Participant: 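Shown below is the structure under consideration.
What you see is a predicted model, and the numbers here were worked out from it, not measured in a lab. Scope of the values below: all heavy atoms of this structure, side chains included, with no hydrogens, waters or symmetry mates. Sequence positions, counted from 1, serve as the residue numbers for this chain.
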Amino acid sequence: MNDTYKTIASASEAILFKEKNSKFYGYAIPVSSEKEVKNHLEILRKQHYGAVHFCYAFQIGTDNIKFRANDDGEPSNTAGAPIYGQIQSFELTNILVVVVRFFGGIKLGVGGLISAYRTSAQMALEASEIIEKTINTHFVVSFDYKNMNKVMRVIKEKNLEIISQKMNESCEIEIATRKKNTKIIFDIFETMFEIKIQLK
């Protein structure tokens, strides 16, 4: 089972590509929701006041993938699609690539636009640090305080990540494990006396 995905470590610096007096600024930004996409686009619009087009593509998720490509006023499929093509060719997800265009007075034509947007997106991705992350499953384990040691032993032995914990008379710990270990971890806690586990 493949339980890893590739994304970028942090937002890239603006990469400038010039074609016939038009300037194309490429940005690659890690995102995990459409709300973040919207926020980043708003920031870039303020930053590049006077730019004509803010073309972008994003892909979010690992199982249920969401993606969109937007030409922002350029001829259909000349901007968003070539940008999205680069996201796919680098095999990335949880990423937004934006190319901001300042028009230089000379029309590039359909082929020229596709090439310029593709190159800008490629340069932004090449300037980014690509990292591999694991796809994790989250569980909530509930138990009485007296069973704390039993639970903590499994967490330590199986190298599970603790996301959050509430420790009172009754305790609740949210843990994460790699997707491929989901069944093993679930079964371990499921068979333990006085301990409840559920998928988050």
Participant: Looking at side-chain heavy atoms only, is the closest gap between His40 and Val31 below 4.5 Å?
Facilitator: yes
Participant: Side chains of Glu174 and His138: closer than 4.5 Å at any heavy-atom pair?
Facilitator: yes
Participant: Under a plain distance cut-off of 3.5 Å, with no hydrogens placed, do Glu132 and Tyr5 share a side-chain donor-acceptor pair?
Facilitator: no
Participant: Could you walk me through whether Met148 and Cys171 pass the side-chain contact (heavy atoms from CB on, under 4.5 Å) test, one step at a time?
Facilitator: CA-CA 8 Å; Met148 169 74 77; Cys171 308; 4.3 Å; yes
Participant: Answer yes or no: is there a side-chain heavy-atom contact under 4.5 Å between Leu108 and Thr78?
Facilitator: no
Participant: Please find the pair of heavy atoms, one from Ile87 and one from Ala57, that lie closest to each other, and give the distance.
Facilitator: CD1-O, 3.5 Å
Participant: Tell me whether Lys150 is salt-bridged to Asp144, with the criterion being a basic N under 4.0 Å from an acidic carboxylate O.
Facilitator: no
Participant: So Tyr117 and Phe24, would you call those rings parallel, tilted or perpendicular, with 30° and 60° as cut-offs?
Facilitator: perpendicular
Participant: Do side-chain atoms of Asp71 reach the backbone of Gly73 as a donor and acceptor pair under 3.5 angstrom?
Facilitator: no
Participant: Taking the side chain as every heavy atom from C-beta outward, state whether Gln59 and Arg68 have any pair of such atoms under 4.5 Å apart.
Facilitator: no
Participant: Rounded to the nearest 0.5 Å, how far does OG of Ser22 lie from NZ of Lys107?
Facilitator: 11.5 Å
Participant: If the condition is side-chain hydrogen bond (donor to acceptor under 3.5 Å, both in side chains), which residues does Glu42 pass it with, not counting sequence neighbours?
Facilitator: none
Participant: Among Tyr84, Tyr56, Phe58, find the one that has a ring pair (Phe, Tyr, Trp, His ring centres under 6.0 Å) with Phe67.
Facilitator: Tyr84
Participant: Measure up the Phe186 and Phe139 rings against each other and bin them: parallel (under 30°), tilted (30 to 60°), perpendicular (over 60°).
Facilitator: tilted
Participant: Between CD1 of Ile83 and CZ of Arg118, what distance do you get to the nearest 0.5 Å?
Facilitator: 11.5 Å
Participant: Roughly how far apart are Ile162 CD1 and Lys156 NZ, rounded to 0.5 Å?
Facilitator: 11.5 Å
Participant: How about CD on Glu194, more than 12 heavy atoms from neighbouring residues, nucleotides or ligands closer than 6.0 Å, or not?
Facilitator: yes
Participant: Considering all heavy atoms of both residues, which atom of Ala69 and which atom of Ala81 are nearest to each other, and what is their separation?
Facilitator: CB-N, 3.9 Å
Participant: Can you check whether Ile173 reaches Met167 side chain to side chain, under 4.5 Å on heavy atoms?
Facilitator: yes
Participant: Is any side-chain N of the basic residue among Lys166 and Glu172 closer than 4.0 Å to the acidic one's carboxylate O?
Facilitator: yes
Participant: I'd like to check Val154 versus Met192 (side-chain heavy atoms, cut-off strictly below 4.5 Å). Are they in contact?
Facilitator: yes
Participant: Do His48 and Tyr27 make a side-chain contact, defined as non-hydrogen atoms from C-beta onward lying under 4.5 Å apart?
Facilitator: yes
Participant: Between His53 and Asp72, is there a donor-acceptor pair closer than 3.5 Å when you use the side chain of the first and the backbone of the second?
Facilitator: yes
Participant: Ignoring hydrogens and angles, tell me if any N or O in the side chain of Ser120 forms a donor-acceptor pair with the backbone of Ala116 under 3.5 Å.
Facilitator: yes
Participant: Which residue pairs pass the side-chain hydrogen bond (donor to acceptor under 3.5 Å, both in side chains) test when at least one of the two sits in residues 7-20, sequence neighbours left out?
Facilitator: none
Participant: Where is the tightest heavy-atom contact between Asn147 and Phe193, given as atom of each residue plus distance?
Facilitator: ND2-O, 4.5 Å
Participant: Do the side chains of Lys196 and Glu190 get close enough for a salt bridge, i.e. N-O under 4.0 angstrom?
Facilitator: no
Participant: Under the criterion side-chain contact (heavy atoms from CB on, under 4.5 Å), I'd like the reasoning laid out for Leu160 against Ile185: C-alpha separation, chi angles, the key distance, then a yes or no.
Facilitator: CA-CA 9 Å; Leu160 304 174; Ile185 300 305; 3.8 Å; yes
Participant: Could you tell me the separation between the CD atom of Gln86 and the CD atom of Glu126, rounded to the nearest 0.5 Å?
Facilitator: 8.0 Å
Participant: Let me see the working for Ile163 and Ile175 under side-chain contact (heavy atoms from CB on, under 4.5 Å), right down to the final yes or no.
Facilitator: CA-CA 5 Å; Ile163 306 296; Ile175 53 171; 6.0 Å; no
Participant: With a 4.0 Å cut-off on N to O distance, would you call Lys180 and Asp3 a salt bridge?
Facilitator: no
Participant: Measuring from Asn39:CG to Leu44:CG, what's the distance to the nearest 0.5 Å?
Facilitator: 11.0 Å
Participant: Do Lys179 and Thr134 come within less than 4.5 Å of each other through their side chains, counting heavy atoms only?
Facilitator: no
Participant: More than 12 foreign heavy atoms under 6.0 Å from CZ of Phe103: is that the case here?
Facilitator: yes
Participant: Atom CD1 of Ile95 and atom NZ of Lys6: how far apart are they, to the nearest 0.5 Å?
Facilitator: 11.0 Å
Participant: Report yes or no: is the cationic atom of Arg45 (NZ for Lys, CZ for Arg) under 6.0 Å from the centre of the six-membered ring of Phe54, at an angle within 45° of the ring normal?
Facilitator: yes
Participant: Checking side-chain hydrogen bond (donor to acceptor under 3.5 Å, both in side chains) between Thr182 and each of Asp187, Thr177, Thr137, which is the one that passes?
Facilitator: Thr137
Participant: Report yes or no: does Thr93 contribute a side-chain atom to a donor-acceptor pair with the main-chain N or O of Gly61 at less than 3.5 Å?
Facilitator: yes
Participant: Check the pair Phe17, Ile15 against side-chain contact (heavy atoms from CB on, under 4.5 Å), reporting the backbone distance first and the verdict last.
Facilitator: CA-CA 7 Å; Phe17 173 71; Ile15 302 297; 5.9 Å; no
